[in-house]
Amino acid sequence: MSQVQTAVSLPQPTLLARTLQGLAGNRTGTIGFFLVALILAAAIFAPWISPYDPAAIMTGPRMAPPSFDHWLGTDHIGRDLFSRVLAGGQVAMLVAAAALGAALSLGLALGLMAGLGPRWLDNLLLLLFDALRSFPTIVFGLAVVALVGPSLLTVIMVVAITSVPIYARIIRTQAQALRNAEFVMAERAMGASLPRVLFVHVLPNVLGPLLILASMDVPLVIATEAGLSFLGMGVRPPTPSWGVILNDGYNFIRNSPWPVIAGSVPIVLVTLGFTFMGEALRDIFDPRLQKAN
């Protein structure tokens, strides 16, 4: 009597569970996830964990080294550096989230228009992308600041505009590849509308690589904001920013190195954290890398 073997289908892990498992199995990914979580938590809870007002001028010693009262020391007018670094993290995360969110949304729309639209529209948008990418971000930022003045909104606008061509080109390439895919052509032959093909088949295939690239671009956005603020063309004092802290520190570096250290270490940690985590996410979700392994 033959025995019939029944296959029991195990439940597939969710996307979040798969991501966490992949990060846990990757040493650099675990380090990156820990650093990113630490930085985000510090930025979110900064108003509750800051021991002092980041803009308040203290009556204690100026340019003081780290102590129990001031964990990272004080700056040239007595402000607590630890509180200013935490507040600067809020500014950095706000710029990164707003600028990359706007760049992703606009780049997604323009990239789909270029990849799925007529040839003349594709050529026109490619010309626009090349024109925007021909200007270095800092030079473009200085030109915009000279016209509208320095502010947090100006920094977000500069970073968003200069980042749009990168994401739009990636979306365009993916959309053109999927445009002639067999499953897309089969859907169109069965009478599926273009919006259905777009939202059901095209978007899920292009969002993954786009989000991974955006996570790896966070350090670049933060460095751009810090650079413009360091040059006096970004966030204006007394608003705390890592670039403003660095600028103040370099002006008084002969008196104390602690403001420079306090402003530069968070930028290094952000760069390492998001780069490590982005590379780990790419290894997890890139099918070609999975096949190679």
Side-chain angles (χ1 to χ4, degrees), residues 15 94-145 147-148 152-225 228 274 278 281-282 284-289:
L15 180 61
L94 174 62
V95 171
L100 290 178
L104 281 172
S105 302
L106 189 56
L108 183 63
L110 294 178
L112 290 174
M113 291 171 58
L116 302 177
R119 177 63 62 88
W120 66 267
L121 181 59
D122 183 26
N123 293 333
L124 180 63
L125 290 175
L126 285 179
L127 180 62
L128 175 63
F129 300 156
D130 292 338
L132 290 176
R133 290 302 298 168
S134 64
F135 297 98
T137 303
I138 295 296
V139 175
F140 180 76
L142 294 177
V144 173
V145 168
L147 293 175
V148 301
L152 182 62
L153 182 60
T154 302
V155 175
I156 294 174
M157 181 178 65
V158 167
V159 174
I161 291 174
T162 55
S163 300
V164 164
I166 302 174
Y167 304 123
R169 277 187 169 275
I170 295 175
I171 292 297
R172 170 186 174 271
T173 303
Q174 296 284 341
Q176 286 184 336
L178 293 171
R179 183 178 188 176
N180 299 321
E182 293 182 357
F183 66 92
V184 173
M185 296 180 66
E187 282 279 339
R188 297 301 302 271
M190 294 174 62
S193 61
L194 182 60
R196 172 179 170 79
V197 173
L198 180 65
F199 288 102
V200 175
H201 296 292
V202 178
L203 283 181
N205 286 278
V206 301
L207 281 179
L210 202 65
L211 292 176
I212 294 173
L213 178 63
S215 68
M216 299 182 70
D217 283 345
V218 170
L220 179 61
V221 172
I222 292 176
T224 302
E225 182 274 322
L228 290 173
F274 278 97
L281 291 176
R282 182 192 60 189
I284 294 170
F285 293 106
D286 194 331
R288 293 171 298 181
L289 294 177

Close side-chain approach of L152 and L94, heavy atoms under 4.5 Å | yes
From I161 CD1 over to F135 CZ, what is the distance, rounded to the nearest 0.5 angstrom?
-> 12.0 Å
Hey, what do you get for CD1 (I171) to CG (L108), rounding to the nearest 0.5 Å?
-> 5.0 Å
Test side chain to side chain contact (heavy atoms under 4.5 Å, CB included) applied to L213 - qualifying residues, sequence neighbours left out | I166, Y167, I170, D217
What are the two closest non-hydrogen atoms of G278 and I212, and how far apart are they?
-> O-CG2, 3.6 Å
Residues at least two apart in sequence or cross-chain that pass side chain to side chain donor-acceptor pair (under 3.5 Å) with S215, listed by chain then number, are none
Between atom CG of L121 and atom CE of M113, what is the distance when rounded to the nearest 0.5 Å?
-> 5.0 Å
Measuring from D122:CG to Q176:CD, what's the distance to the nearest 0.5 Å?
-> 5.5 Å
Over all atoms of both residues, closest heavy-atom pair of A96 and V221 | CA-CG1, 3.8 Å
CG on L132 to CG on L127, rounded to 0.5 Å = 9.5 Å
Polar side-chain atom of S163 near backbone of A160 as donor-acceptor pair, under 3.5 Å | no
Separation between CG of L220 and OG1 of T137, rounded to the nearest 0.5 Å = 6.5 Å
Checking T224, V164, I222 against V159 for side-chain contact (heavy atoms from CB on, under 4.5 Å), the one that qualifies is T224
Determine the minimum heavy-atom distance between A131 and S134, stating which atoms define it.
-> O-OG, 2.6 Å
If you take all heavy atoms of A214 and L100, which pair is closest and at what distance?
-> O-CD1, 3.6 Å
Derivation of the side chain to side chain contact (heavy atoms under 4.5 Å, CB included) call for R172 and L126 = CA-CA 10 Å; R172 170 186 174 271; L126 285 179; 3.6 Å; yes
Could you give me the CA-CA distance, side-chain angles and deciding distance for R169 and F129, then say whether side chain to side chain contact (heavy atoms under 4.5 Å, CB included) is met?
-> CA-CA 8 Å; R169 277 187 169 275; F129 300 156; 4.2 Å; yes
